[in-house]
Amino acid sequence: MTHRGRILSAFALFGSMAAATPALAGGFYLQEQSPKETGRALSGGAAAGDDPSTIYFNPAAMTELDGIQTSIGGVALMASAHQTNRGSSRTIPGVPVRAPITGNDGGNPFESVIPIPSFYASAQVSDRLWLGLGVNAPFGLKLEYDNGFFGRYDSLYTDLKTYNIQPSAAYKLTDNLSIGGGVDVQYVKATLTNALPQLSPLAPTDGFARLKGDDWSVGWNAGLFYTTGDTNWGVHYRSGIKHKLAGTQTVSGLLGPVAVGNGDFAATAPLDLPDIVTVSMMHRLTPQLRAMITGKWYNWSKFKGIAVTSATGTTNKELDYKDSYSVSIGGEYDVSKALTLRAGTMFDRSPTNPQHLTTRVPDGDRVWLTGGATWNMSDAFALNVSYAHTFVEKANIIRPDSYFPAPATVTATTLAQTSGNADQVAASLTIRF
């Protein structure tokens with residue numbers, strides 16, 4: 001490939017990557033790690049210690065679980081989003097006016113049902129030591145817009161999956177105080193696509209860009225658990241995990257002088273997932289009634305930008321994400337020995353920067369309303385069921401993305417209003433040995 005061809009290729013690939021990857025730093029953290037916690041809007045958090053899923057939220061609270069216990073279940077996430085074109089347009093090299101970007105609204109990009117599975121197991125080894133294992137999917141997203149979507153230069157298809165394996169241990173220092181921690185072995189796999197503009201808006205077809213990559217990496221987490229009997233306190237820290245996705249970038253369909261950018265290229269890109277700090281309290285108001293509150297802080301500000309490295313060089317894109325937080329409150333009531341009812345609400349602040357919003361992750365501040373129940377079928381079996389509705393704040397997207405070096409530079413600006421909401425139905429089975 002000629003030197004000019006490599007430059008064009010680099011800029012074409014940069015356009016596809018820059019338009020795709022920033023969304024991965026926005027609203028793709030999955031709160032749905034426990035069907036039981038879903039029913040109380042995650043307010044039990046690091047302090048409840050009443051289910052094996054505490055391995056994820058605070059392994060120190062495993063010391064509240066007698067014998068051997070397992071929990072297997074999942075959340076069915078049903079999300080919807082709608083994009084409204086507010087005047088998206090593109091530049092034309094050498095022409096002082098912009099051309100409108102037309103197309104349909106992309107439809108609802110989310111699959112009708114998105115499953116989020118989880119598994120946890122805890123074992124009391126002695127009167128002081130507990131061991132546990134958690135397997136879940138803490139980050140993920142899958143969406144696909146219809147062909148001809150007006151925001152196609154921003155995004156078309158996203159499939160991001162993570163799998164987290166967490167061996168853990170807890171130790172009871174005193175009758176009231178426990179410590180715990182674990183190692184997070186995490187796999188991430190991503191496929192991202194978007195259209196690429198031709199030099200002329202009259203061209204019959206767009207170009208196309210695809211990025212595929214994966215990576216394994218390791219993090220850690222640790223927590224403290226303290227109980228007075230009627231009141232539990234929990235504090236937990238989960239480290240950020242640094243991934244370096246390795247895979248292939250593919251560009252096809254470019255016409256004319258920029259056709260030199262077509263091809264397959266080996267590429268790498270870092271993905272830094274945030275540290276998370278959780279503080280929780282649970283208080284027994286009566287023998288049957290419990291109140292809970294949890295606050296979380298997410299260190300998204302570490303995610304300043306992304307660098308894409310391929311055979312054509314390294315390109316950088318500044319993202320400037322913000323730290324975010326969530327606050328949840330909830331309660332539960334034992335109707336009988338067999339039946340417990342629960343409910344909760346949560347406010348979850350989006351970490352995205354308004355200057356970098358994208359149709360790839362339609363995101364805004366979120367409010368949860370939830371309810372759930374546990375049916376203790378016997379001393380050995382308990383069924384947990386939950387429902388949650390999430391209200392997502394509307395947001396305006398103003399996203400310019402530039403492709404190709406001068407004098408062939410094309411800037412496509414996606415102007416859109418995004419709105420949406422989500423429903424969750426969750427269930428898990430807890431088995432006690």
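By the ring-ring contact (aromatic ring centres under 6.0 Å, His included) test, Tyr145 is found to be paired with Phe149, residues two or more places apart in sequence or in another chain being considered.
Each of Tyr403, Phe208, Phe404 was compared with Leu254 under the side-chain contact (heavy atoms from CB on, under 4.5 Å) criterion, and only Phe404 meets it.
In this structure, CG in Leu192 is found 5.0 Å from CG in Leu211, a value given to the nearest 0.5 Å. With values rounded to the nearest 0.5 angstrom, Gln83 atom CD is found 3.5 Å from Thr418 atom OG1. Put simply, NZ on Lys212 and OG1 on Thr250 are 8.5 Å apart, with the number rounded to the nearest 0.5 Å. In this structure, CE on Met282 lies 7.0 Å from OG1 on Thr227, to the nearest 0.5 angstrom.
Side-chain contact of Arg210 with Thr193: a donor-acceptor pair under 3.5 Å is absent, judged by distance alone. Checking Arg399 against Thr414 by side-chain atom types alone, no donor-acceptor pair falls below 3.5 Å. Gln166 and Arg238 share a side-chain donor-acceptor pair at under 3.5 Å. His243 and Asp215 share a donor-acceptor pair across their side chains, judged by distance under 3.5 Å alone.
Sequence neighbours left out, the pairs with a member in residues 34-48 that pass salt bridge (Lys or Arg N to Asp or Glu O under 4.0 Å) are Lys36-Asp50, Glu37-Arg40, Arg40-Asp50, Arg40-Glu332.
Between Tyr237 and Trp220, the ring planes are tilted. Angles from 30° to 60° get that label.
At distances below 3.5 Å, not a single donor-acceptor pair connects side-chain atoms of Asp365 with backbone N or O atoms of Arg349. For the pair Asn104 (side chain) and Gly106 (backbone), a donor-acceptor distance under 3.5 Å is present.
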**Message:** Asp214 vs Lys189, test: salt bridge (charged side-chain N to carboxylate O under 4.0 Å, His left out). Steps then yes/no.
**Reply:** CA-CA 4 Å; Asp214 63 354; Lys189 180 180 181 180; over 6 Å; no
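The six-membered or imidazole ring of Phe381 lies away from that of Trp375, with a centre-to-centre distance of 6.0 Å or more. Ring centers of His389 and Phe391: under 6.0 Å apart, within the cut-off. Ring centroid separation for the pair Tyr187 and Trp216 comes in under the 6.0 Å cut-off.
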